[in-house]
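Report on the structure given below.
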Amino acid sequence: MTSPRPVRTRFAPSPTGYMHIGGMRTAFFCWLWARHTGGTFILRIDDTDQQRNVSEALQPIFRAFQWLGLDWDEGAEKGGPYTPYYQSQRTGIYREAIDRLLAEGKAFKDFDQPDVVQQDRAEAEAAKRNYVNIRRSLELTPEKIAELEAAGTPYVVRLLVPRDQSVTIHDAVRGEVTWDCGTMPDPVLMRSNGTFLYNFASVVDDAAMEITHVIRAEEHLTNTCVQTLLFRALGCEPPVFAHIPFITSPGSTKKLSKRDLDKLRNVPALKKLFDRADEIGPKLGLGDSKTLSPVMVEYYEKMGYLPAGILNALARLGWSLDDKTEIMDLKMIVENFTLDRIVKSSAGFDGDKLQALQAHWMNVLPISDKVAGVKPYLDKVGWGATDERLAAMLAGIGDRLKIFSDILDYREFFSDDETLEFESKPLEKLRSQAGSREMVQALQSLLQDTKSWQATALDQLVHQWAEQQSHKIGQVVAPLRLGVTGRGSGIGLFDAMELIGQMSCLLRLSRLAEKLV
RNA sequence: GGCCCCAUCGUCUAGAGGCCUAGGACAUUGGAUUUUCAGUCCAAGAACUGGGGUUCGAAUCCCCAUGGGGUCACCA
């Protein structure tokens, strides 16, 4: 059931002040389908009912698209042949459509006030009967209607649901879905204050903008019946619908929601992401996991993820290429993305898998890009280094750097020798071992005399010395590492020493020796 | 509750009647390698919700049950 028209997809967010990761996945699928088919991707803003500052609430949304590199061909901030792309600016178009439906008898003015409707509904419920509108206003004579209107009686406009019909759609992911219209209330199209409802505005816009494929989350599946009726009433062919599965919290089938942060943070597959935000968020002036949580796209940008990693993970949530391929760059995803390979069941958002994909893309990133990526984090905490030094550092860090902000774990390369702290655990361990002070001092004098301060030479020097003294290398390395880096683990020790430099290493070792009295 | 959707390892998924003693990835566990960590390599454990059909043959088709989810607004 593909349309012969060139593909046009749209994503229509409301100005909520942040971009939800699940919404981003929906947007991504819309974008992918447009790009795969050489079609057009449209960003429309559903701000029909907005009190707040729309422009401000939109910024994080635009930003998320920009960061991920998902561009739109028409829409907000960009314009296009179907302008305006803000629903709040399209009321004239909706008004016109309403008038047409009214004139053609496909919609009606309902003068039943909310309390009456509510009572009808309650009665139906009490009688265990399905509620449908009683349509009293349909019985009104034109004179009576004119009278009511002249008196300023409020009314809503409802679609006159053809109760003898049924609606069948061929959903691109779910297949055939059918509804019986006989049990369906007449949906409100226009409120008594003259504003329009989402279901209506959305259909009018999709029709006007010649959208060919509506790709959206499964929660809208039920809306599709009304919307299809609306397309028909408007005399338009409905687009192809594709209802994609929810993104859920892993292990549950509940929608991933910003409201359940407290529950989410205890989900094992998500815990690390939350913890990381709590750990480094404050250092970077980003707040903590309450304000910057993994359900927001912003989290990933601020924490230093790569668009390639996020996009790869998003693509695998409810879609797969085949039985083996996991690692895919954007080009490959675009080339292979089809609607028929979208999965029907909900997809749990697994932070571990995301992390693994991210680690892969970080690992294949050229050093120069890593240098650039890491710099903003260093700037924020006031740590500095030349590009050259950073490059050497990052080469040494290698695949330990999973996200850019991980650079903050390597304070040994930025810290003053005088203030470098020694981790208490390895320090205590060393204290408990006899002769560790002597060992540190011996190492200090060994390192004092060497002229070639370079990783391979140091490696050789220390190994030879250890052998001479019949120490096991591990016994030597542990205190040395603690002395120069202040930590019990880290990058290759001799690489670290080269980076830190002879003077600093010696100074740090003597500070450690003092602590081992 | 009505209507609608969904149902394979802990998680993401492959699977469109025989290639399935169900494949891959993440995670987990064990081993190897390494000065630590990370990584890499090897290995292990781990699933078709249940019951009826249809068929020579069913994870795959049909029905029922069960479970989960969505939706029933003058929200989007």
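Lettering follows sequence order; numbering is per chain, from 1.
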- Message: So Leu493(A), base contact, sugar-phosphate only, or nothing? Heavy-atom distance under 4.0 Å.
- Response: base
- Query: What about Arg174(A): does its side chain form a donor-acceptor pair under 3.5 Å with the base of rC5(B)?
  - Reply: no
- Query: Within 45° of the axis and under 6.0 Å from the centre of the six-membered ring of Tyr18(A), does NZ or CZ of Lys258(A) qualify?
  - Reply: yes
- Query: Without hydrogens or angle criteria, can the side chains of Ser320(A) and Arg341(A) be said to hold a donor-acceptor pair below 3.5 Å?
  - Reply: yes
- Message: I'd like the C1' distance from rG10(B) over to rU28(B), given in whole Å.
- Response: 9 Å
- Checking all strands, does His220(A) fall into the base, sugar-phosphate, or nothing category for heavy-atom contacts under 4.0 angstrom? base
- Item | rC6(B) and rU29(B), which share atom name C1', separated by this distance in whole Å | 33 Å
- Message: Using atom P in both nucleotides, what's the gap between rC3(B) and rA22(B) to the nearest angstrom?
- Response: 39 Å
- Query: Any luck finding a side-chain donor-acceptor pair between Arg216(A) and Ser202(A) under 3.5 Å?
  - Reply: no
- Task: Classify the side-chain pair Tyr94(A)/Asp205(A) by whether it contains a donor and acceptor separated by less than 3.5 Å.
- Result: yes
- Message: Partner lookup for rG17(B), please. Criteria are Watson-Crick or G-U wobble with both distances under 3.5 angstrom; report none if nothing qualifies.
- Response: none
- Query: Using a cut-off of 4.0 Å on non-hydrogen atoms, how would the nucleic acid contact of Lys254(A) be classed: base, sugar-phosphate, or nothing?
  - Reply: sugar-phosphate
- Task: Using a 4.0 Å heavy-atom cut-off, write out nucleotides 24-29 of chain B from 5' to 3' as B (base contacted by protein), S (sugar-phosphate only) or - (no contact).
- Result: BBSS--
- Task: Tell me what Asn199(A) touches on the nucleic acid: a base, only sugar-phosphate, or nothing, going by heavy atoms under 4.0 Å.
- Result: nothing
- Pick base, sugar-phosphate or nothing for Asn130(A), based on heavy-atom distances below 4.0 Å to the nucleic acid. sugar-phosphate
- Query: What is the ring orientation for Phe349(A) with Tyr300(A), classed by angle as parallel under 30°, tilted 30 to 60°, or perpendicular over 60°?
  - Reply: perpendicular
- Query: Can you find a donor-acceptor N/O pair under 3.5 angstrom joining the side chain of Thr222(A) to the base of rC72(B)?
  - Reply: no
- Task: Give a yes/no on whether any side-chain N or O of Arg129(A) is located under 4.0 angstrom from OP1 or OP2 of rG2(B).
- Result: no
- Task: For Lys128(A), answer base if it contacts any base atom (sugar-phosphate contacts may also be present), sugar-phosphate if it contacts only those atoms, and nothing otherwise; contact means non-hydrogen atoms under 4.0 Å.
- Result: nothing
- Item | P spacing across the pair rU49(B) / rU13(B), given as an integer number of angstrom | 15 Å
- Message: If I pick the P atom on rG50(B) and the same atom on rA38(B), what distance separates them, to the nearest angstrom?
- Response: 39 Å
- Task: Report the base-pairing partner of rU36(B) (Watson-Crick or G-U wobble, both distances below 3.5 angstrom), or none.
- Result: none
- Message: Between rC20(B) and rU8(B), how far apart are the two C1' atoms, rounded to whole Å?
- Response: 12 Å
- Task: Have a look at Val156(A) and say if it touches a base, only the backbone sugar-phosphate, or nothing, with a 4.0 Å heavy-atom cut-off.
- Result: base
- May I ask you to say what Ile491(A) touches in the nucleic acid, namely base, sugar-phosphate or nothing, with a heavy-atom cut-off under 4.0 Å? base
- Message: Can you tell me if Arg341(A) touches the phosphate of rA16(B), counting only side-chain N or O atoms and a distance under 4.0 Å to OP1 or OP2?
- Response: no
- Give one of base, sugar-phosphate or nothing for Tyr131(A), where a contact means two heavy atoms less than 4.0 Å apart. nothing
- Using a strict cut-off of less than 4.0 Å between a Lys/Arg side-chain nitrogen and an Asp/Glu carboxylate oxygen, indicate whether Arg276(A) and Asp406(A) qualify as a salt bridge. yes
- Does the side chain of Arg158(A) get closer than 4.0 angstrom to OP1 or OP2 of rC74(B) through an N or O atom? yes
- Ser415(A) side chain to Arg411(A) side chain, donor-acceptor N/O pair below 3.5 angstrom: no
- Verify the distance criterion only: is there a donor paired with an acceptor across the side chains of Asp110(A) and Ser137(A) at less than 3.5 Å? yes
- Task: Would you please confirm or rule out a distance under 4.0 Å between OP1 or OP2 of rC12(B) and any side-chain N or O of Ser320(A)?
- Result: no
- Message: Need one value for Val462(A): base, sugar-phosphate or nothing, where a base atom within 4.0 Å counts as base even if backbone is also close, heavy atoms only.
- Response: nothing
- Message: Determine whether the aromatic ring centres of residues Phe29(A) and Trp319(A) are separated by less than 6.0 angstrom.
- Response: no
- Considering Watson-Crick and G-U wobble pairs with both distances under 3.5 Å, what does rU71(B) pair with? rG2(B)
- Any strand, both distances under 3.5 Å, Watson-Crick or G-U wobble: rA7(B) pairs with rU66(B)
- Message: Would you measure the distance from the C1' atom in rC5(B) across to the matching atom in rC26(B) and give it in whole Å?
- Response: 27 Å
- Integer angstrom distance from the P of rA59(B) to that of rC19(B): 9 Å
